[in-house]
Amino acid sequence: MRTSNFPLQTLKEVPADAEIASHRLMLRAGLIRKLAAGLYTWQPLGLRVLRKVERIVREEMDRAGALEVLMPAVQPAELWEESGRWEKYGAELLRLKDRHQREFCFGPTHEEIITDLARNELRSYRQLPINYYQIQTKFRDEIRPRFGVMRAREFLMKDAYSFHIDQDSLAATYDQMHATYCRIFERCGLDYRPVAADTGSIGGSGSHEFHVLADSGEDAIAFSTESDYAANVELAEAVAPAAAAPAPTGDMRLVDTPDARTIAELVEQFDQPIEKTIKTLIVVADDSVDAGLIALLLRGDHELNAIKAEKLPGVAEPLQMASEEQIRAAVGAGPGSLGPVDLALPMIVDRAAAVCSDFSAGANTDGKHLFGINWGRDVALPDVADLRNVVEGDPSPDGRGTLTIARGIEVGHIFQLGRKYSDAMQATVLDENGKQVTMTMGCYGIGVSRVVGAAIEQHNDEQGIVWPTAIAPFQLALVPMQMKKSERVRDAAEKLYADLQAAGIEVLFDDRDARPGVMFADIELIGIPHRVVVGERGLDKGEVEYRGRRDSENRMLPLDGFVDFIRQQVSEAIGA
RNA sequence: CGGGGUAUAGCGCAGUCUGGUAGCGCGCCUGCUUUGGGAGCAGGAUGUGGCAGGUUCAAAUCCUGUCGUCCCGACCA
């Protein structure tokens with residue numbers, strides 16, 4: 001491809017609304033342009049990258065024996081009503097009406113559609129297992145689209161759905177998909193981790209997210225230092241401390257704390273160690289609790305984990321913090337002065353907080369705290385549960401090593417669905433005894449467009465994008481020096497271009513009549529992994545100048561063997 | 001959904017307080033000179049000032065409404 005036919009729509013200045021590196025660079029490099037909030041046009045250069053990721057995904061899914069289909073993006077409401085999700089999905093589901101006032105939605109996912117297909121097409125256990133996939137545009141009306149293609153409303157997704165006669169078969173396909181995903185992200189040149197994820201209310205025995213590690217990631221991931229344990233912080237278990245609470249060392253006393261409404265203020269003003277403070281969070285309870293509210297007790301330096309909390313018996317789902325009015329009505333004191341002693345509400349205490357001794361907490365009277373509180377002596381120990389987010393240094397739940405926390409971008413998610421949809425939609429087959437059996441399902445997603453953003457997030461520098469070769473829009477940039485002036489340079493460049501193309505190299509020939517600085521800057525910005533410069537200087541010695549995108553120096557290489565050299569570089573990088 | 005910004009040329013921005021009919025940089029077009037790290041000179045094009053009302057002799061500027069868009073929050077005692 002020649003830049004004269006393939007304009008580089010690069011920008012020196014960035015549109016002001018780009019926050020993170022990938023978004024900025026995608027705009028500056030001209031990969032995408034915004035149409036509206038969360039909606040982007042992929043320009044030719046960006047689309048080449050998207051298609052490369054797509055191709056890798058497709059090749060690996062095919063290799064795993066999955067079958068490609070293409071389902072409609074627009075879906076009739078009836079199927080969603082059947083699964084119950086027309087009601088439950090909420091505002092993220094973009095709903096439409098056709099000219100006959102029939103209701104549809106723009107698909108955010110395709111469980112209903114594939115389940116409908118399966119119940120119509122699959123009759124016998126002999127047709128199982130089967131794994132369908134598609135690569136298609138999805139729409140989710142995100143509360144707050146941001147970060148360019150990372151959290152767009154319209155995005156490209158590979159979604160797959162498998163159908164099985166039993167759980168064992170599902171587990172086998174699930175494991176295979178796990179391995180396939182590893183191959184895909186490996187091939188894309190990404191530093192990623194499979195991470196145990198929330199299985200939610202659906203049940204089933206497994207779910208993994210695949211995260212690309214990057215500081216700008218929206219999710220926090222906990223890893224073991226010693227084992228391959230990895231879990232989303234949302235899910236990672238904070239294991240119970242082995243040691244029991246130490247014995248009390250002093251009496252409980254009531255202290256006036258008029259200016260301490262937060263744990264931070266309490267620690268600051270009264271010199272209390274933060275790990276010897278307990279905070280009391282009041283949340284709304286479900287119908288089973290007469291008081292209407294429940295108190296959750298955590299150490300002052302720990303954070304409540306909302307997902308863990310809303311699974312507790314008695315706690316309303318979704319988790320909802322009580323209002324100040326509700327708290328005053330129930331306790332007689334405001335937030336900032338709450339504590340477990342003489343609290344007339346059901347309480348649940350976090351495992352770590354349950355082994356605190358001589359701790360301080362609110363006295364349930366405005367402006368007063370109790371210091372030197374001890375469980376058992378001053379207040380009965382309530383029910384104990386895991387309520388908090390794990391923190392760096394916590395023991396790993398598998399008993400090996402401690403946890404470190406890193407940030408990740410979720411690019412894939414695999415899920416053992418079980419029979420949630422097949423039950424709701426009566427997707428059955430006949431088993432070997434001629435009996436009707438509800439199929440068991442798995443589903444497997446990859447955010448194809450998000451992978452592009454995540455790759456940039458992980459691979460960029462001052463100059464711009466640094467593509468992994470496997471997903472780069474071009475493998476090599478050919479930059480001639482003063483080609484308009486020098487016949488010799490032109491001939492050499494044209495010949496090299498032809499030879500490279502003949503060798504199957506994806507080469508971008510910068511044949512613009514631009515200054516060298518402009519060409520170099522553009523090629524670096526758009527992240528082409530390899531660059532060759534042809535100029536009078538080198539030709540005198542029969543050489544060209546090579547530079548890898550990550551290199552800091554040029555290398556002079558003989559023009560003769562250059563095609564072989566680059567072919568080798570490329571094939572090593574893409575593992576072909 | 002709550003709070004806060006912002007809306008002026010393709011992009012980045014100034015002008016708004018103190019009303020007088022729009023400007024800078026980059027980019028774009030033409031010509032000449034230039035060409036090994038984002039060139040120089042000369043000339044040129046581009047704006048219903050988000051939209052709708054209102055106040056005024058006069059509105060980018062003041063007032064009201066509205067749409068878009070961005071950020072923060074929706075996790076805490």
Side-chain angles (χ1 to χ4, degrees), chain A residues 7-20 23-24 27-28 30 33-39 90-91 143-148 220 233-234 257 260-267 277-284 295-310 318-324 326-328 331 333-340 343 350 360-364 366-367 369 387-389 463-464 479-486 489 510 512-525 531 533-539 544-545 547 554:
Chain A
L8 302 179
Q9 311 285 7
T10 54
L11 300 173
K12 277 196 216 175
E13 285 174 303
V14 206
D17 43 336
E19 275 287 302
I20 60 170
H23 188 194
R24 259 197 315 271
L27 290 168
R28 278 196 60 206
R33 290 290 181 249
K34 186 172 84 165
L35 178 66
L39 302 177
I143 300 176
R144 196 178 150 202
R146 62 186 137 173
F147 302 150
V233 164
E234 288 179 344
T257 55
R261 286 181 50 86
T262 66
I263 290 290
E265 287 165 356
L266 190 68
V267 166
T277 61
I278 300 270
K279 58 184 175 186
T280 305
L281 312 181
I282 311 290
V283 300
V284 176
L296 304 178
L297 305 173
L298 289 160
R299 237 166 64 178
D301 56 335
H302 286 154
E303 276 183 354
L304 181 67
N305 178 310
I307 294 191
K308 292 175 182 175
E310 65 189 21
L319 187 71
Q320 197 189 335
M321 303 305 294
S323 67
E324 177 153 358
Q326 287 174 299
I327 294 172
R328 288 200 174 277
V331 183
S337 300
L338 301 176
L343 183 64
D350 179 66
S360 44
N364 299 322
D366 281 339
H369 279 73
L387 293 180
R388 68 180 176 94
N389 284 335
Q463 269 58 246
V479 184
M481 288 294 107
Q482 309 213 63
M483 185 173 73
K484 303 287 162 180
K485 279 267 180 66
S486 165
V489 169
D510 199 346
R512 293 176 294 179
D513 184 19
R515 303 172 71 82
V518 173
M519 295 195 280
F520 292 149
D522 272 352
I523 296 302
E524 280 157 9
L525 174 60
R531 181 184 84 192
V533 174
V534 176
E536 290 280 358
R537 271 185 206 171
L539 288 180
V544 292
E545 210 173 283
R547 183 147 161 183
N554 294 330

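In what follows, chains carry the letters A, B, and so on, assigned in the order in which the sequence lines appear, proteins first and then strands, with residues in each chain numbered from 1.
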Between Arg24(A) (CZ) and rC70(B) (P), how many Å, whole number?
16 Å

From Leu297(A) CG over to Arg388(A) CZ, what is the distance, rounded to the nearest 0.5 angstrom?
14.5 Å

Report yes if some heavy atom in the side chain of Phe520(A) is under 4.5 Å from a heavy atom in the side chain of Arg531(A); otherwise report no.
yes

Looking across every strand, which nucleic acid part, if any, lies under 4.0 Å from Leu304(A) by heavy atom: base, sugar-phosphate, or nothing?
base

Counting only N and O atoms by type, is there a donor-acceptor contact under 3.5 Å from the side chain of Lys279(A) to the main-chain atoms of Thr262(A)?
no

I'd like to check Asp366(A) versus Arg328(A) (side-chain heavy atoms, cut-off strictly below 4.5 Å). Are they in contact?
yes

Nearest whole Å is fine: how far is rG38(B) P from Met519(A) CE?
12 Å

Whole-Å C1' distance, rG31(B) and rG12(B)
28 Å

So does Lys279(A) get a side-chain nitrogen or oxygen closer than 4.0 Å to the phosphate oxygens (OP1/OP2) of rA77(B)?
yes

Side-chain touch Gln482(A)/Val489(A), heavy atoms, less than 4.5 angstrom:
no

Same-atom distance (P) from rA45(B) to rU56(B), integer angstrom:
38 Å

Within the 4.5 Å heavy-atom criterion, are Lys308(A) and Leu387(A) side-chain neighbours or not?
no

Measure from CG on Asp301(A) to C1' on rC75(B) and round the result to the nearest Å.
15 Å

So which protein N/O to nucleotides 29-34 of chain B N/O distances come out below 3.5 Å?
from: rU34(B); atom 1: O2; to: Arg515(A); atom 2: NH1; distance (Å): 2.9

Nearest of rU69(B), rA74(B), rG38(B) to any side-chain atom of Ile143(A)?
rA74(B)

Whole angstrom is fine here: how far is it from CG in Leu298(A) over to P in rA77(B)?
10 Å

Determine, step by step, whether Leu8(A) and Leu525(A) satisfy the side-chain contact (heavy atoms from CB on, under 4.5 Å) criterion, reporting the C-alpha distance in whole Å, the side-chain angles of both residues, the deciding distance to 0.1 Å, and the verdict.
CA-CA 10 Å; Leu8(A) 302 179; Leu525(A) 174 60; over 6 Å; no

Which whole-number value in Å describes the distance from Lys12(A) NZ to rC13(B) C1'?
16 Å

Starting from the 5' end of RNA chain B, give me the residue, Glu545(A) or Leu319(A), whose nearest nucleotide shows up first.
Glu545(A)

As a test of reading the structure: which of rU69(B), rA77(B), rG37(B) is closest to the side chain of Ala37(A), going by heavy atoms?
rU69(B)

Pick the closest RNA chain B nucleotide for Thr10(A) and for Glu303(A) by heavy atoms, then say which residue is nearer the 5' end.
Thr10(A)

Is Ile282(A) close to Gln326(A) at the side-chain level, that is, under 4.5 Å between some pair of heavy atoms?
no

Among rA77(B), rU35(B), rU69(B), the one nearest Pro516(A) by side-chain distance
rU35(B)

Closest listed nucleotide, where the reference is the side chain of Arg146(A) and the choices are rG38(B), rG36(B), rC71(B)
rC71(B)

Checking the side chain of Arg33(A) only, and the main-chain atoms of Leu27(A) only, is there a donor and an acceptor separated by less than 3.5 Å?
yes

Would you measure the distance from the C1' atom in rC62(B) across to the matching atom in rC24(B) and give it in whole Å?
26 Å

If you measure from the C1' atom in rU8(B) to the same atom in rU46(B), how many Å do you get, rounded?
14 Å

Rounded to whole Å, please give me the gap between CG in Leu525(A) and P in rG37(B).
18 Å

Checking rC76(B), rU35(B), rG37(B) against the side chain of Gln482(A) (C-beta onward), the nearest is rU35(B)

One should report the stems of RNA chain B, each a stretch of at least three consecutive Watson-Crick or G-U pairs at distances under 3.5 Å, as B:1-6 with B:68-73, B:10-13 with B:23-26, B:28-33 with B:39-44, B:50-54 with B:62-66

Every protein N/O lying under 3.5 Å from an N/O of nucleotides 7-12 of chain B:
from: rC11(B); atom 1: O2; to: Glu13(A); atom 2: OE1; distance (Å): 3.4
from: rG12(B); atom 1: OP1; to: Ala16(A); atom 2: N; distance (Å): 2.9

How is Arg328(A) classified with respect to the nucleic acid when contacts are heavy atoms under 4.0 Å: base, sugar-phosphate, or nothing?
nothing

Which is true for Thr280(A) with a 4.0 Å heavy-atom rule: it touches a base, it touches only sugar-phosphate, or it touches nothing?
base

Per the side chain to side chain contact (heavy atoms under 4.5 Å, CB included) rule, which among Leu298(A), Asn305(A), Leu304(A) passes with Asn389(A)?
Asn305(A)

Could you tell me how far apart Ile523(A) (CD1) and rG38(B) (P) are, to the nearest whole angstrom?
16 Å

Flag side-chain contact, heavy atom, 4.5 Å: Met321(A) against Val283(A)
yes

What integer number of Å spans the C1' atoms of rC51(B) and rU6(B)?
16 Å

Between rC67(B) and rG2(B), how far apart are the P atoms? Round to whole Å, please.
12 Å

Without decimals, in angstroms, what is the distance between Arg28(A) CZ and rG27(B) C1'?
14 Å

When you compare the side chain of Asn364(A) with that of Leu338(A), does any pair of heavy atoms fall below 4.5 Å?
yes

Among the candidates rG36(B), rA39(B), rA77(B), find the nucleotide nearest to the side-chain atoms of Asn554(A).
rG36(B)

Given the rule in the side-chain contact (heavy atoms from CB on, under 4.5 Å) test, do Ile523(A) and Val479(A) qualify, once you have shown the distances and angles that lead to the verdict?
CA-CA 9 Å; Ile523(A) 296 302; Val479(A) 184; 4.2 Å; yes

Using a heavy-atom cut-off of under 4.0 Å over every strand shown, decide if Gln463(A) touches base, sugar-phosphate, or nothing.
nothing

Residue Phe520(A), side-chain heavy atoms: nucleotide from rC76(B), rG37(B), rG27(B) that is nearest:
rG37(B)

Rounding to the closest angstrom, what is the interatomic distance between rU16(B) and rC32(B) at atom C1'?
42 Å

Mind checking the P distance from rC17(B) to rU64(B)? Whole angstroms is fine.
15 Å

Side chain to side chain, Arg512(A) and Met519(A), heavy atoms closer than 4.5 Å
yes

